[in-house]
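Have a look at the structure below before the remarks.
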Protein chains: 2
Amino acid sequence: MTKAVNTRTGLEIGAKGPVDKALELLDALVQPDGPHRLADLAAHTGLPKPTVHRLLGTLAANGFATALAGGRYRAGPRLLGLAATALADSPELRLARPVLADLRLRTGQLAHYSVRDGDTAVHLAQSEPADTYRIPLRAGGVVPLHSSAVGLAMLSALPPEEVTAALDSTPLPAVTPHTITDPEAVRAALDDVRIQGFAVDDEYTEPDVRAVAAPVLGADGLPVGAIGIIGPTFTLDDAGVALYGPMVRAAAGLISPSNGGSSPIGLVQ
Amino acid sequence: MTKAVNTRTGLEIGAKGPVDKALELLDALVQPDGPHRLADLAAHTGLPKPTVHRLLGTLAANGFATALAGGRYRAGPRLLGLAATALADSPELRLARPVLADLRLRTGQLAHYSVRDGDTAVHLAQSEPADTYRIPLRAGGVVPLHSSAVGLAMLSALPPEEVTAALDSTPLPAVTPHTITDPEAVRAALDDVRIQGFAVDDEYTEPDVRAVAAPVLGADGLPVGAIGIIGPTFTLDDAGVALYGPMVRAAAGLISPSNGGSSPIGLVQ
DNA sequence: CAACCGCGTTCCGGTGAACGGAACGTCCGT
DNA sequence: ACGGACGTTCCGTTCACCGGAACGCGGTTG
């Protein structure tokens, strides 16, 4: 049933070379739900079983995968180390973390930072309030650009042709009854975002959950990501949105002119 | 001058297939010091320039690398998302984080968790005290097994043949004047570790810095990682080691019987 | 101003490694 | 005892990786 399609990203076909397949497999390896079995990985990536087996051998030889007893596989130590390095050294993330903590304290909401990956937004970091009213936000998780506050925030700072590409590629699936699915309605919403400086997700993604986000801009004026807050509608009501919106916008501004050429900040060693 | 050798892990030659090269390149991509230039990546991985160029194209097509203006490259959004997922969903890390925070509070020292990657230890997570007396510990960083507390802790729980393999593969480089370089001396130290239940790094890695660590054991009794604390000698003196050692050992015990087959804990969704 | 150097990039024909259908051994559940 | 699902091995085909050589460009030097 499954074709040569990435179940998570939904990319049509693309992958041809061995490297593409290996990357696809890496992606499948780190997905939630513990150690994976070879058959699951094969189904998830759409690759033939022997191919997956051979690739896992290569990954394991390099420490990117670990074979457990009983034919289970999990992410290897070198992959975890690489992951830790990537997240620790990313310049924006380094700047974003304290800002996220501050934003969380000032709003009492879950604050998070996301970047764009094609026509989806990927959550990279978050700062959760202690009394967390179970907001589902998984690190590494993805949401469509058109149905999330961070997505709309990034779209609002993208040139029109990129917006068109993002809105016309996917059929704008409706995640909840509130999700905007009409491209024109999205474009209208983007105008509001540009005027106010922040985007609002009013139960587009999850019932009874609202979000507010603002774009983080690079030196070239293009969005590199977005910072936002997420909370239940009874906490993040209209007054809350009006109050916290500017705070989110200001937080995004704090990390914005930060990625241009090289990082001027002295490294810790 | 650089041969086909990974500068970071020092693996002799290994890499042959395209997948191996791509993984090597991924590793180089996430190394510190901001966006990398093609020539640097080529020198770092020992791969020919055109090969690096082509591989970067493949990585970029999959969102694992991003090409910046001026021929610079950095880790792509999908790689960062993958990294966030891997670290968030790792069962041991999920267990380790609260334990690290508790250990830091009770000892006042930098607490960290590391896993073994061949004959090195990789730092994955840490919890820093507020008044951090600049301890250099980079997430994703690696240290030799024989000259670190976490390394000795893991070695102490490994079967003899694995210890032999680890100690005889590298020439046991001396990082500081205090580093133990004699394999027999290491083995003797391991006996102490097994008796006490924790390992001590007395300026083996860094002058004026001590560390204490204990192995985290899997269901099969083999070490999956180690938990430890690091601090300056004037804080982590002999009394400190005697006092905190058992705490570290207890902390390691808290996460130990946790990885066997499947994770019995219900996932958050 | 010209010569030079280092860089990123493109080209292209040989070749070796990836490929995956088919088949096998094993371990379950029935 | 049987059936099914899974991990694993085999092997001949083929295709995409490979990388030396060459190019265009920008910066620097003499």
Side-chain angles (χ1 to χ4, degrees), chain A residues 1-6 11 13-29 31 33-62 64-76 260-262, chain B residues 1-6 13-29 33-62 64-76 260-262:
Chain A
M1 182 181 191
T2 342
K3 297 293 188 56
V5 167
N6 181 341
L11 292 174
I13 181 116
K16 282 168 307 188
V19 176
D20 306 74
K21 301 183 189 185
L23 297 177
E24 210 67 41
L25 185 56
L26 272 186
D27 200 6
L29 244 198
Q31 289 309 103
D33 303 333
H36 298 272
R37 314 187 332 164
L38 190 144
D40 298 336
L41 294 171
H44 194 288
T45 55
L47 297 171
K49 251 189 311 177
T51 300
V52 173
H53 184 255
R54 180 167 31 78
L55 283 176
L56 280 173
T58 305
L59 294 183
N62 287 77
F64 279 77
T66 301
L68 305 169
R72 315 281 280 249
Y73 292 88
R74 50 161 304 180
S262 55
Chain B
M1 182 184 188
T2 343
K3 298 293 188 60
V5 168
N6 181 341
I13 182 124
K16 284 166 306 186
V19 175
D20 306 76
K21 300 184 189 182
L23 296 177
E24 210 67 41
L25 184 55
L26 271 186
D27 200 7
L29 244 197
D33 303 333
H36 298 272
R37 311 187 336 163
L38 191 144
D40 298 335
L41 293 172
H44 195 287
T45 55
L47 298 170
K49 249 191 311 176
T51 300
V52 172
H53 184 256
R54 179 169 31 78
L55 284 175
L56 281 174
T58 305
L59 294 183
N62 287 75
F64 279 76
T66 302
L68 304 169
R72 316 280 281 248
Y73 292 88
R74 50 162 302 184
S262 55

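The analysis underlying the following values was restricted to heavy atoms, covering all of them including side chains, and did not include hydrogens, waters or symmetry mates. Proteins get letters first, then strands, A, B, ... in listed order; numbering begins at 1 in each.
- Counting all heavy atoms, side chain and backbone alike, B:Leu29 lies closest to B:Phe64 at CD1-O, 4.0 Å.
- One finds the CG atom of A:Asp20 at 12.5 Å from the CG atom of A:Leu25 (value rounded to the nearest 0.5 Å).
- The CG atom of A:Leu23 sits 8.0 Å away from the OG1 atom of B:Thr58 when rounded to the nearest 0.5 Å.
- Distances shown here put every side-chain N or O of A:Tyr73 at or beyond 4.0 Å from the OP1 or OP2 atom of D:dC6.
- The shortest side-chain heavy-atom distance between B:Asn62 and A:Val19 does not fall under the 4.5 Å cut-off.
- As a whole-Å value, the separation of A:Glu24 CD from C:dC19 P is 13 Å.
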Nucleotide-resolved protein contact map, nucleotides 23-29 of chain C, B/S/- at heavy-atom distance under 4.0 Å: -------
Could you write out each protein N or O paired with an N or O of nucleotides 18-21 of chain D at a distance under 3.5 Å?
from	atom 1	to	atom 2	distance (Å)
D:dC18	OP1	B:Lys21	NZ	3.1
D:dC18	OP2	B:Arg54	NH1	3.0
D:dG19	OP2	B:Lys21	NZ	3.4
D:dG19	OP2	B:Thr51	OG1	3.0

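- The distance from atom CG of B:Leu38 to atom C1' of C:dC7 is 9 Å, rounded to the nearest whole Å.
- To the nearest angstrom, C1' of C:dG6 lies 9 Å from CZ of B:Arg37.
- Residue A:Gly76 comes nearest to A:Thr66 through the heavy atom pair CA-OG1, 3.2 Å, listed as atom of the first residue, atom of the second, then distance.
- From A:Leu41, atom CG reaches atom CG of A:Asp27 across 11.0 Å, with rounding to the nearest 0.5 Å.
- Residue pairs meeting the salt bridge (Lys or Arg N to Asp or Glu O under 4.0 Å) criterion with at least one partner in residues 34-60 of chain A, sequence neighbours excluded, are A:Arg37-A:Asp40.
- When every heavy atom of B:Pro35 is checked against every heavy atom of B:Arg74, the shortest pair comes out as CA-CB, 4.5 Å.
- The main-chain N or O of A:Gln31 is found under 3.5 Å from a side-chain atom of A:His36 such that the two form a donor-acceptor pair.
- Regarding A:Leu41, its CG atom lies at a distance of 11 Å from the P atom of D:dT8, rounded to whole Å.
- The side chain of B:His53 places an N or O atom within less than 4.0 Å of a non-bridging phosphate oxygen (OP1 or OP2) of C:dT9.
- Separating the CG atom of B:Asp20 from the C1' atom of D:dC17 is a distance of 13 Å, rounded to the nearest angstrom.
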Give every pair of a protein N or O atom and an N or O atom of nucleotides 23-25 of chain D that lie under 3.5 Å apart, one pair per line with the distance.
none

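- A:Lys21 has its side chain out of reach of A:Thr45: every pair of non-hydrogen atoms, C-beta onward, lies at least 4.5 Å apart.
- An angle of 40°, rounded to 10°, separates the two end axes of the helix from C:dC1-D:dG30 to C:dC28-D:dG3, each defined over five pairs.
- Minimum interatomic distance between A:Ala42 and A:Val52 (heavy atoms only, all atoms of both residues): CA-CG2, 3.8 Å.
- Checked against side-chain contact (heavy atoms from CB on, under 4.5 Å), B:Pro48 has the following partners two or more places apart in sequence or in another chain: B:Pro50, B:Thr51.
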